[in-house]
A.B. asks: 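Here it is, the structure in full.
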Amino acid sequence: MKIKIFAILFLILTNVYSQNIDNDVEKKINQIALTNPGLDEKIRIDVVGLTLYDLLTSIAEEHQLNVSAEPSLQQLITSNFYDIKVKDIFLFLIKEYNLKVNFTNGIMVFKKKPIIPKPEPVVVPKKIDVSYNAENDFLSVHLENDSLPLVARAITDISSKNIILSPSVKKKKISGYILNRPFDQVIEMLAKSNALKATQDENGFYYLDDLEAIDQNSGDSKNRNLIGRNSQKNIGGDFFISINNQINNQLGLDVEAYEANAAELIRAASRELNVSFFMYDTPSDVQTTLFAKGITFEDLLKNIFKGDKYTFKKVDDLYLIGEHHTEGLRKTELIQMENRTIETVLSTLPAKITENLEVKEFIDLNGFVVSGSRIQIEEFRNYIHEIDQVVPVIQIEVIIVQYDKGYDISTGIQMGIDKETRTTSGVLFPTTDMSLNSTSVNDLIDAFNGFGWVNLGKVASDFYANLKMMENNSLIKISSTPKLVTLNGHEAISSIGETNYYFEQNNRLINTGITDNILQSGTWKSTDASLSIYIKPFVSKDENVTLNIKVEKSSFLGRAGETAPPGKATQSFESIVRVRNNEMVLLGGLDEMERENSGTGAPLLSRIPILKWFFSNRTKRKETSKLHIFIKPTIIY
């Protein structure tokens, strides 16, 4: 940090000093220009390939100036000056080519400015980050492209253990980050990760050499010595094994292997732990690389054979090893589901899970019968355990409200003559729908004639009159509250409606060779009109419910014939909504409205106000139907 500050101050002071010198030179030239007008004369010159010495002497001779230039000023100049004062050209050349100017009795002497050597930065050696605990002989290193000699010196100083370097590695840089591991192990791993070979002699000296150079000399790049432990070596890789009984009071192994042959590694481990095994198939084509502390023999086999074609099985104290399909290593197991049914599970299993396994559904016990190797069955069991979660049950409360409002009015007078015997009948109040015969009409005429100023004639005996004045208002509200219960992801259906029947006739032509006969037959078939609701719920992790809803409403229309199928009008909509648990959502949109305004009567008279009520029959009708559906899901487990 001090070196950087010193360098910055040096540059600042140098820059300030240089500016002061330039200002002094400019002042001095301006003073000389007062007595030597040639410096203020303007010049036009195009310079290509002329040396600085020749340019200065040429300008001095042209403008009668006292100039002396060192012959060493041989820089080639390519410039174009147009109407520039001589003194400004001199100042430009001084700054551009870093010249020094001395003034002696009005003579300007141009020289090369001496180069001030920059102070060389003081190189502070990088601190080697190593630490050592003498109590447990643990070493920690944090190295990043550090010099191997400095690292060896730092480790030796802190641990008092001698590390000797081969001449071929004294310029080598190494890296490594290891915390709190045994001293021998740290030296070994540093050597491996930096292409070195580490050995230890009987006096405790550690010797580091270049592994590549050793391999070239020996011709065997795989034969490596490891430090301070009983190591096993095999063609195709290295490993070492040692007993470890300090982890959970259990006898285990410390294993380090690099592309080691699995069969050799298993043999060595079994010898260390005195474990019996039998190999149906030798896994000599399997290589493994691992670093484990306190691992059991069974866990070692699990990790070696994971994802490979080999497996093992323990019978009493004997380990049987071979390929998955080997007889004697296969086992059959029932794996049951606890929280959900096995329905649709088998079709969703990944191909890798069921590979080399025979899986059958056992519906009666809600499980799978699985046959295969133990390792693959265990993987299958773990997958089933992951998906065997409680499936939510959703109770869906549906409130259906149908609202029908109607209004119609019928008015008119109908009169006529026929031979049918009629009687006076009907309702006068609150609605008027009367049928009058000729006698009643004549009595009514006599009542009007009693006033004196009105004199109406009589009607014939076969005359009749119908009088109708009716107004009807209706309001119908129908509610139903079905409750549906379904599993998550399964559809719930509610349907309310009616069924009609129609006759379907079949005609079949029978040709007897003489005449053609038609054989008729038929069946009664049904057709439904209903209000149907289809709901499929999906429960998310935060207990929000997504509902896929489909509503369909159909109603019967008139028939074309007595046995013909009825017409049908259908309305439907689909929607996807998301609601919280126990929240209610309102769905609408199935609205109907019918209007009718019709009338019959005598031409012209049926259009005249007031009179039209006596010469026409009129009907006015309006009907409105609305359907609202309230849905409330409740999650229950």
Side-chain angles (χ1 to χ4, degrees), residues 1-4 7 120-242 254-260 289-293:
M1 187 66 183
K2 293 180 179 180
I3 296 174
K4 291 183 178 179
E120 295 184 0
V122 179
V123 179
V124 179
K126 179 183 176 182
K127 182 180 179 181
I128 305 301
D129 189 357
V130 296
S131 61
Y132 176 71
N133 188 340
E135 294 181 359
N136 56 10
D137 194 32
F138 273 24
L139 179 66
S140 298
V141 297
H142 186 185
L143 307 175
E144 186 175 354
N145 200 28
D146 289 314
S147 170
L148 179 56
L150 295 180
V151 173
R153 181 185 302 172
I155 295 176
T156 300
D157 291 341
I158 199 171
S159 66
S160 300
K161 294 187 179 184
N162 297 311
I163 299 177
I164 310 300
L165 302 181
S166 168
S168 61
V169 299
K170 289 188 175 180
K171 295 183 179 181
K172 190 174 182 63
K173 303 283 188 179
I174 65 171
S175 300
Y177 185 70
I178 305 173
L179 293 178
N180 294 327
R181 303 307 302 165
F183 189 93
D184 290 348
Q185 188 181 105
V186 173
I187 298 299
E188 175 192 340
M189 298 311 295
L190 279 177
K192 281 187 177 182
S193 61
N194 292 279
L196 298 173
K197 177 189 174 183
T199 56
Q200 185 182 18
D201 62 14
E202 62 277 5
N203 297 320
F205 285 82
Y206 295 88
Y207 185 76
L208 297 181
D209 201 354
D210 189 355
L211 184 62
E212 295 180 358
I214 296 175
D215 291 342
Q216 290 175 359
N217 295 331
S218 63
D220 183 9
S221 62
K222 298 296 182 179
N223 189 14
R224 304 175 187 174
N225 293 323
L226 302 174
I227 299 173
R229 305 183 184 184
N230 295 326
S231 63
Q232 305 287 339
K233 294 179 287 184
N234 67 300
I235 298 175
D238 301 318
F239 64 85
F240 70 82
I241 295 175
S242 61
D254 289 345
V255 181
E256 290 187 29
Y258 174 75
E259 294 183 359
T289 299
L290 63 92
F291 176 82
K293 300 285 290 183

A.B. asks: Return the CZ to CD distance between F291 and Q185, rounded to the nearest 0.5 Å.
C.D. replies: 4.5 Å
A.B. asks: Would you call the rings of F183 and Y206 parallel, tilted or perpendicular if under 30° counts as parallel and over 60° as perpendicular?
C.D. replies: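 Aromatic pair F183/Y206 classed tilted.
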A.B. asks: To the nearest 0.5 angstrom, please state how far the CG atom of L148 sits from the CG atom of L208.
C.D. replies: 6.0 Å
A.B. asks: When rounded to the nearest 0.5 angstrom, what is the spacing between CG in L150 and NZ in K173?
C.D. replies: 7.5 Å
A.B. asks: Which residues pass the side-chain hydrogen bond (donor to acceptor under 3.5 Å, both in side chains) test with N194, sequence neighbours left out?
C.D. replies: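 By the side-chain hydrogen bond (donor to acceptor under 3.5 Å, both in side chains) rule, N194 matches no residue at all.
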A.B. asks: With a 3.5 Å distance limit and no angle check, can you tell me whether D157 reaches the backbone of I155 through a side-chain donor-acceptor pair?
C.D. replies: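 Here the side-chain-to-backbone pair does not exist.
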A.B. asks: Could you give the distance from CD1 (I158) to CD1 (I128), rounded to the nearest 0.5 Å?
C.D. replies: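 Atom-to-atom, I158:CD1 and I128:CD1 are 11.5 Å apart.
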A.B. asks: Taking all heavy atoms of D129 and all of L143, pick out the closest pair and write down the distance.
C.D. replies: O-CD2, 4.4 Å
A.B. asks: Go through the structure and list residues passing side-chain contact (heavy atoms from CB on, under 4.5 Å) with T289, not counting sequence neighbours.
C.D. replies: Y258, E259
A.B. asks: Ignoring hydrogens, what is the shortest heavy-atom contact between D210 and A195? Give both atom names and the distance.
C.D. replies: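 Here D210 and A195 meet closest at OD1-O, 3.6 Å.
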A.B. asks: In chain order, what residues pass the side-chain contact (heavy atoms from CB on, under 4.5 Å) check against S131, with sequence neighbours excluded?
C.D. replies: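 If we apply the side-chain contact (heavy atoms from CB on, under 4.5 Å) test to S131, skipping adjacent residues, the hits are S140.
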A.B. asks: Between Q200 and I187, is a side-chain contact (heavy atoms from CB on, under 4.5 Å) present by the stated rule, with each step listed?
C.D. replies: CA-CA 10 Å; Q200 185 182 18; I187 298 299; over 6 Å; no
A.B. asks: Could you report the tightest heavy-atom contact between P149 and L165, atom names first, then the distance?
C.D. replies: CA-CD1, 3.6 Å
A.B. asks: Partners of D137 by salt bridge (charged side-chain N to carboxylate O under 4.0 Å, His left out), sequence neighbours excluded?
C.D. replies: K161
A.B. asks: Where is the tightest heavy-atom contact between S175 and S193, given as atom of each residue plus distance?
C.D. replies: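 Closest heavy-atom pair between S175 and S193: O-OG, 4.1 Å.
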A.B. asks: Mind listing the closest non-hydrogen atom pair of S166 and D209 along with its distance?
C.D. replies: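 Heavy atoms only, the tightest pair is OG-OD1, 2.9 Å.
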A.B. asks: Mind checking the CD1-CD spacing from I178 to E188? Nearest 0.5 Å is all I need.
C.D. replies: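 Result: 9.5 Å between the selected atoms.
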A.B. asks: Who passes side-chain hydrogen bond (donor to acceptor under 3.5 Å, both in side chains) against R153, sequence neighbours left out?
C.D. replies: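 So R153 forms no side-chain hydrogen bond (donor to acceptor under 3.5 Å, both in side chains) with any residue.
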A.B. asks: About how many Å separate OH of Y132 and CZ of F138, when rounded to the nearest 0.5 Å?
C.D. replies: 10.5 Å
A.B. asks: Test of understanding: with ring pair (Phe, Tyr, Trp, His ring centres under 6.0 Å), list the residues that count as partners of Y207, not counting sequence neighbours.
C.D. replies: none
